[in-house]
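The structure under discussion appears below in the form of structure tokens.
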Amino acid sequence: MPTLLGMTQQRTIDDLRAEIDQINRELLALISRRGEVVAQIGHAKSAEGRPNHYDPAREEQQLKELEKLNPGPFPTATVKTIFKEIFKASLALEESNDKKQLLVSRKVKSEDTVLDIDGVRIGGGEAPVIIAGPCSIESEEQMEQTAAFLQGKGVRILRGGAYKPRTSPYGFQGMGVDGLILGSRVAKEHGQLFVTEVMDTRDVDVVSEYADILQIGARNMHNFALLREVGRARRPVLLKRGLSATIEEWLYAAEYILSEGNNEVILCERGIRTYEKWTRNTLDLSAVALAKQETHLPVIVDVTHAAGRRDLLIPLAKAAIAVGADGIHVEVHPSPATALSDNEQQLDFAGYEKFLAGVGSLLQAPAVAATV
Ligand SMILES: C=C(O[C@@H]1C=C(C(=O)O)C=C[C@H]1O)C(=O)O
């Protein structure tokens, strides 16, 4: 029972809440000060080149100390839960500060990167480029016909796979070096740049010898050794987004290349794996808009792999250009029905003509500026 004296001494809820408000202000000031110190630790770790900000041993040490010091009334488990939240937020702060420093980020370089590869300009609001050609390089005749046809349509970048990442090890694996030699020669003869995929660190040198642009395929987007290797090659890189890669993972993959000194990276959205079955992949247009917003790199869209079917190529290409894509990647083959890979989705020459007519003037117009 409180005494009369005790009751007169008891503080009102309003009064107690006023004290809580004051404590909150002090806590906030302390947490913010802690955050400032954490940020400094984060910068120091980055400067030292430490691969990780997370330091579980350091967190454990602090929890042990807090356990010893805990005066109550909160049980130690509760104190630990609260501090673990603080560690988590601190770690996120360190990592997000790091992200602002990424070489791919617009925060580091605000103006668009424009690639000029032998006079072919990609990015920075230039008219969207077209990269076209067969899935695989199969024969001289096939490459000659395709290159000549595409040259007639003003296509300056010829694609063709010499090393093919096939789902089955028994599927056609590509012509290898013979394909590189053929693709490079035919492209040159038709005033085109040659882009082809490199799948193995051991092939980067030979592919660089023949290709004007090295492609990293979706399945290799997480192959960090290969990313580093093409980062050291003196060739522009077309980096496809992985099948199930988040935008962040895709941009980090590009960062691997830039961090080795190669700034000439073209990002390529090619659809991601979802539950949808009516398309081969799901074209992620937000990824295109976001990549344009977050990075200074050119972004193109591979409509062929995104759709996996010919009847959607025109609307998808239009949509891609509308959200700011700097180019379109499309597969064209003289006879898709007899192609050694991707029969279902490559366009024949008549199909490409229809595609061009369908996308129309959007291809001549300067790319839509990314609205930030
Ligand atoms: C601040 C640091 O980085 C992280 C955050 C910690 C913290 O908030 O105390 C502790 C360890 C790290 O996981 C650090 O290493 O000291």
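Because the structure is predicted, anything quoted here is derived from the model rather than measured. First listed ligand is number 1; within each ligand, the first listed atom is number 1.
Looking at Arg232 and Asn262, their side chains never come closer than 4.5 Å, going by heavy atoms from C-beta outward. Val177 is listed as a side-chain neighbour of Tyr163, based on a closest heavy-atom distance under 4.5 Å.
Residues Ser90 and Arg34 have side chains that bring a donor and an acceptor to within less than 3.5 angstrom of each other. At a cut-off of 3.5 Å, with distance as the only test, a side-chain donor of Glu94 or His53 sits close to an acceptor on the other residue. Remark: the Gln40 side chain and the Glu36 side chain contain no N/O donor-acceptor pair separated by less than 3.5 Å.
Using a 4.0 Å cut-off to heavy atoms of Ser90, the atoms of ligand 1 that qualify are 8 (O). Each of the following atoms of ligand 1 lies closer than 4.0 Å to a heavy atom of Tyr54: 13 (O). Listed by atom number, the atoms of ligand 1 under 4.0 Å from Arg58 heavy atoms are 10 (C), 11 (C), 16 (O). Close contacts of ligand 1 with Phe87, meaning ligand atoms under 4.0 Å from a residue heavy atom, involve 7 (C), 8 (O), 9 (O). Those atoms of ligand 1 with a heavy atom of His53 less than 4.0 angstrom away are 3 (O), 4 (C), 12 (C), 13 (O).
Summary of contacts: the protein heavy atom closest to atom 8 (O) of ligand 1 is Arg34 NH1, 2.9 Å. Atom 5 (C) of ligand 1 has as its closest protein heavy atom Glu94 OE2, 3.8 Å. Ranking protein heavy atoms by distance to atom 16 (O) of ligand 1, first place goes to Ile41 CD1, 3.6 Å. What sits closest to atom 14 (C) of ligand 1 on the protein, heavy atoms only, is Lys45 NZ, 3.4 Å.
Of the listed residues (Lys88, Glu59, Arg50), the one carrying the non-hydrogen atom nearest atom 10 (C) of ligand 1 is Glu59.
For ligand 1, one of its N or O atoms has an N or O atom of Gln62 under 3.5 Å away.
A salt bridge does not link Asp118 to Arg156: none of the charged side-chain nitrogens sits closer than 4.0 Å to a carboxylate oxygen. A salt bridge links Arg241 to Asp284: at least one charged side-chain nitrogen sits closer than 4.0 Å to a carboxylate oxygen. Between Glu144 and Arg185, at least one side-chain nitrogen of the basic residue sits less than 4.0 Å from a carboxylate oxygen of the acidic one, meeting the salt-bridge criterion.
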